[in-house]
S.K.: 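First the structure, which I've put down as structure tokens, then a few questions once you've had a look.
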Amino acid sequence: MTQTNDNAPMGRIIVITSGKGGVGKTTSAAAISAGLAKQGYKTVVIDFDVGLRNLDMIMGCERRVVFDFINVIQGDAKLKQALIKDKRLENLAVLPTSQTRDKDALTREGVEAVLNELKQDYDYIVCDSPAGIERGAHLAMYFADEAVVVTNPEVSSVRDSDRVLGLLSSKTKRAETEGAEPIKAQVLLTRHDQGRIDKGEMMTVEDVLEILAVPLLGIIPESQAVLRASNTGTPVTLDDPSAAGRAYEDAVARLTGEDVEMRVASDRRPGLLQRMFGRTA
Amino acid sequence: MQQRATERRGGRSLVAPRSFQVRGRFLTAIALRLENETPDEAFFDALDSHVQLTPKFFYEAPLVVDFEKVPGLVDEAALRDLIGELRKRKLMVFAAQNANAAQREVALAMGLVAIGGGREAPLPSEKSDRGRRVDAPGKAPKTENLVITEPVRSGQMIVAERGDLTVIGSVASGAELVAAGSIHVYGTLRGRAMAGVHGDETARIFCQKLDAELVAIAGLYRTNENIEDAHRNARVQVFLDKERLRMETLG
């Protein structure tokens, strides 16, 4: 059903991170990895949030988890045993994490070995980082080639994203390797709500970008479709068409190097938006 | 606004003459980390030869004795002897860190204060000092300016230990700039900026857009809520004028 993409990178590692919790990292990781797979790239998405296993639910494969990332790191299972193939897209796989262990079970060597093995088979390796800046988040970003910093248009989220951008440029393998190109970091603005911005309750896109000073990957509107997709275990890019789904698809296209004009779905007239939501939600 | 800041500093009423100021102070100290539980002749010989390498660096230098590696060094006579010997060498021993209860008792009796672990640097300053002072004894300390060409992110701390600090880019809220000299920010200053931390009252802070959490010069500070509206988000220089922190919009 999906064609393999010819200009595929060789195992490019993308970390989805934010610092702050609840901004939409896992939702974005699911949507972006599904979007990449839809475009024909062999994609695997890894849950780094040890102890708070969520990605498998958002991806709709929680009933199929037998072995996990930690089992692989500790040598209790083979990587192929732990990878769960997506039922909708054959070139998409999920590496779930453990719900019973804690983040100390992650080791840098173990993570590196798993990533190196995945690089042999996959075009994109998407790492879903836990919130915070501790071990799990650090290891999720450490080997990354590229970073998507998920940010909500509000001050605390922006400040945490800024902190994470600082860590990306100092505490990662690329940062520590002399002469290596730095991690390419981009901001993904989620839960964008033009109505609340107009009322002054949220920061504008310009304000956020002025503070973070990195390129914008996309603007995802606040949408019922996102919540619904999460609850049904469907990445929003695989669900029925929605403003959020389209925004994620645009972001994915930009990630793969396409030049897509920045659209703000909620910039449209409220009437149209309402009708659109009425249809999809 | 200004008055409020002044009151907070000195606690003075508006009419009575000011009798004191409370000022922040950064102090650079040498930490002597003991690794030998029985400081003997050989220990002091080694110390002497080390001090001889850079006598000026150690002369009257504030010194903290670190007991982390020597929990067994609790003999009162030995401790008194050690501190006495250090003082004989014009080392200004004033504090003990990582001391256990027994060590702390002797330290307090000898007029030392017990301090918690501070931030420690692994002696880069001593090294550069050594090179410089040996080469050119008696010359004024060389300034080392620091230029940062990237935005300073929240949680980062940039220190220009002996010179000016220039940032080409913005300084985020939650970031910290520290300089012995002046601080220049070609961008928005939203974090904290402390200039003249070793007491240089001629140090200034310049920024293209001021929304700092805190600005300080030689320990005199002002927080964001005390920035006047006229200066907020403006191009501003901050400087000391007769022991007062002043802000001025740049044209």
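From a predicted model like this one, the values you see are computed outputs, not experimental measurements. Each chain gets a letter, A, B and so on, in the order the sequences are listed, and its residues count up from 1.
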S.K.: Would you call the rings of B/H184 and B/Y186 parallel, tilted or perpendicular if under 30° counts as parallel and over 60° as perpendicular?
M.R.: parallel
S.K.: Measure distances from B/S173 to the heavy atoms of chain A and classify the residue's part below 4.5 Å as side chain, backbone, both or neither.
M.R.: both
S.K.: Can you list the residues that meet the ring pair (Phe, Tyr, Trp, His ring centres under 6.0 Å) rule with A/F143, with sequence neighbours excluded?
M.R.: none
S.K.: How would you list, by chain and number, every residue that makes a side chain to side chain contact (heavy atoms under 4.5 Å, CB included) with A/E146, sequence neighbours excluded?
M.R.: A/R12, A/I14, A/K184, A/Q186, A/L255
S.K.: In Å, rounded to the nearest 0.5 Å, how long is the span from CZ of A/R191 to OG1 of A/T27?
M.R.: 8.5 Å
S.K.: Which distance, rounded to the nearest 0.5 Å, do you find between the CD1 of B/I227 and the CZ of B/R222?
M.R.: 8.0 Å
S.K.: Counting only non-hydrogen atoms closer than 4.5 Å, can you tell me which residues of residues 204-212 of chain B sit against chain A?
M.R.: B/K209
S.K.: Can you name the ring pair (Phe, Tyr, Trp, His ring centres under 6.0 Å) partners of A/F48, sequence neighbours left out?
M.R.: A/F69
